[in-house]
Number of protein chains: 2
Amino acid sequence: MVRSEKAKHVLDTAHPVRDAEVTQAKILAAAEEEFARHGLVAARTERIAAQTHVVKAMIHYYFKSKEGLYQAVLERAFSEISSLGEQLDLEQLSPKPALKQYVRGFLACLSRNPNLPAILFYEAIQNRGKYYKWTGMLQVYTTLAEILEQGMAIGVFRTLEPRHAAINIVGVCIFYFTAHENLKHLWRGKQMLSPEMLDQHAQEAITTIMASVQLS
Amino acid sequence: MVRSEKAKHVLDTAHPVRDAEVTQAKILAAAEEEFARHGLVAARTERIAAQTHVVKAMIHYYFKSKEGLYQAVLERAFSEISSLGEQLDLEQLSPKPALKQYVRGFLACLSRNPNLPAILFYEAIQNRGKYYKWTGMLQVYTTLAEILEQGMAIGVFRTLEPRHAAINIVGVCIFYFTAHENLKHLWRGKQMLSPEMLDQHAQEAITTIMASVQLS
DNA sequence: TAACTGACTAACTTACTAGTCAGTTTAGCA
DNA sequence: TGCTAAACTGACTAGTAAGTTAGTCAGTTA
C-alpha cells in the first residue's frame, strides 16, 4: 500500500478528516504500534481506535477484523525486508564487502522501522508464523549463509557452519531492538532508539560481525 | 522454591494425586509453558488448568491470581540466571577463559530451560519489566562488560564498547531460542531444541563470540 | 437543491475469561 | 474407625472485548 502525501501530512492530527485513505493510514500506524507492543492476541482494538481518534467500528469497516488489520500491518511492515537482497547487487561484490553491505542494509531497515523486531518476535513465538510465512526472513538467512559459504570457499572467512553463523548475525542485529526497553538501564535510562544510539549499535554490530567471521 | 523428588516423580502423570506440593509444581510447569508461548495477557488460565488436569480454581487456591502465578513462574525461572556469576569464580581467570566460561554457563542455563528467553522477551516488550526488574539480566550484561574491559585493559581483546559488545554477546546466545520455531525451516523442519542442535548452537555461539572480541 | 454515496458513529449483542464460592472428597491422624 | 483440615470441584458472576447494525453526516453530482 502506497501512502500518499496527503495521508502523510494529516497523519498525526486529531481532527476528523473524513478521508478514507488518511483514516486507514492512521489506523495502520496505530495498529503497528499496538501489535508491536502487545502482540495479536493481547492487542486491543479499542486502544487502536482511541489512538486514531476514530471509532472501533472503522477497523471492521476497512479491515474486516482484528486479524485482517494484523495481516495488513504485517504485509506493510515486511515488504521492505523481503526486497533487501535485490536492491544491493551482491553478486558483483566479494564476500567481505558483500557481507558488510548486506548487514548494513538490514540494520538500516530495522532502524527505519524499530517495531519490526517485536512484531517478528510475536509472530514467531505466539502465532508460530501463522500469518507471516517467514519467507522474507528465511531469505535473509539464506542470503547471509550463501555469502558466508562463498567467503569460506575462497578462504577469506574462518571455518563456520553457515546457517548457525547467519542466525547469530541476525541475532546481533535484532536483539538490541527487542530488549531496548530494559537495556536502557545500562545507560541510566537513556533512550535506546535515538538516532545516535541506533548508529552506535549499527557500528558496533557491524564491527562485531565482521570480526566474528575473519580468519584467526 | 525447591521442587521435591516426589513432586518431580509424579509431575507428568495425569492421575489426581491430592498432594499440594505436586499440584503446585504441575501448575507451575504448565504455566511456564503457557506464559512462554503466549505472554501474561494472552495466557489462558483455563489452558493451564487443562494441561495440569486440575480445575481452574486451583490456580487461585494456590497462587491467588493469574498475576500471582506469573510472578511465581518468573521467580523460579530466573533464580538460576541471577546466580550465574557466583558459581564460577571469574576473578581467578584471565579475561579470555573467563569470557568463555561465563558464556558457556549462560548457554547451559538457557539449554536447561529453553522457555526462559521467550518469557524474558514477553516481560521486556509487553510488560516493560513490570514484574521482573531485570536486575538478574542486568547483572549478566555488567559482568560481561567488566570481563571485556579487563581484556581490553591488558590488550587481549580488540577495542570495543563494552556495553554494546555485552548486548551483542547476549543476543547471539538468546536469539536462537526465540526464533527456533521459524529457524527450523532452514533445516527442513528439524527440531531446533534437541540436545544435538542445542550443542551445535552453543559451540557455534562460543566460537563466534570469542572470534568477535579477538585482536585483528 | 435534492438525490446519492461513502465515511463515520453510538449503542448493542455475543462470546469469553478471570475470579468466587458453597459445598464435596480424601489423607492422615487420634 | 471416625474426625478434621486441607485438597479439590463445578457452577456461577461480573467484567471485558470483538464484532454488528441501524442510522447520521458530509461531500458530490445532476
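Chain letters run A, B, ... following the sequence lines, proteins first, then strands; residues in each count from 1. All values reported here derive from a predicted model rather than from experimental measurement. Quick note: numbers below take in every heavy atom, side chains included, and nothing from hydrogens, waters or symmetry partners.
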What distance do L183(A) atom CG and M192(A) atom CE have between them, rounded to the nearest 0.5 Å? 5.0 Å

Indicate, with a heavy-atom threshold strictly under 4.0 Å, whether A49(A) touches base, sugar-phosphate, or nothing. nothing

Could you tell me how far apart Q24(A) (CD) and dG6(C) (C1') are, to the nearest whole angstrom? 12 Å

V55(A) vs A57(B), nearer the 5' end of DNA chain C by closest nucleotide: V55(A)

Phosphate OP1/OP2 of dA18(C) contacted by T45(B) side-chain N/O (<4.0 Å): yes

Just checking, is any N or O donor in the side chain of N115(B) or E33(B) under 3.5 Å from an acceptor N or O on the other one? yes

Compare side-chain N and O positions of Y61(A) against OP1 and OP2 of dC8(C) and report whether any pair is under 4.0 Å apart. no

Test: K130(A) and E123(A) ion pair at under 4.0 Å: no

Do F121(B) and F121(A) pass the ring pair (Phe, Tyr, Trp, His ring centres under 6.0 Å) test, and can you show the C-alpha distance, the side-chain angles, and the key distance before you say yes or no? CA-CA 8 Å; F121(B) 270 74; F121(A) 158 76; 4.9 Å; yes

Can you list, in residue-number order, the parts of residues 35-42 of chain B that come under 4.0 Å of DNA chain C, counting heavy atoms only? none

Compare side-chain N and O positions of T23(A) against OP1 and OP2 of dA7(C) and report whether any pair is under 4.0 Å apart. no

Hey, can you pull the residues of residues 65-75 of chain A with a non-hydrogen atom under 4.0 angstrom from DNA chain D? S65(A), K66(A)

Looking at dA18(D), does its base get a donor-acceptor pair with the side chain of K56(A) below 3.5 Å? yes

Quick one: E21(A) CD to dG6(C) C1', roughly how many Å, whole number? 15 Å

Using the test side-chain contact (heavy atoms from CB on, under 4.5 Å), find all partners of P162(A) that sit at least two apart in sequence or belong to another chain. A145(A), E149(A)

CD (E75(A)) with more than 12 external heavy atoms under 6.0 Å: no

Output for pair (H201(B) NE2, T208(B) OG1), nearest 0.5 Å, gives 9.5 Å

Set of residues satisfying ring pair (Phe, Tyr, Trp, His ring centres under 6.0 Å) with respect to F35(A), sequence neighbours excluded: Y70(A)

Let me have a per-nucleotide readout for nucleotides 23-28 of chain D, 5' to 3', with B, S or -, counting only protein heavy atoms under 4.0 Å. --BS--

Of A20(A) and R44(B), the one whose closest DNA chain C nucleotide lies more 5': A20(A)

Excluding sequence neighbours, so at least two apart, what forms side-chain contact (heavy atoms from CB on, under 4.5 Å) with R37(A)? R128(B)

In whole angstrom, what separates R47(B)'s CZ from dT17(C)'s C1'? 11 Å

For the aromatic rings, using the six-membered ring if either is Trp, is the centroid distance between H185(A) and Y141(B) under 6.0 Å? no

So how far is it from D199(A) CG to L107(A) CG, rounded to the nearest 0.5 Å? 10.0 Å

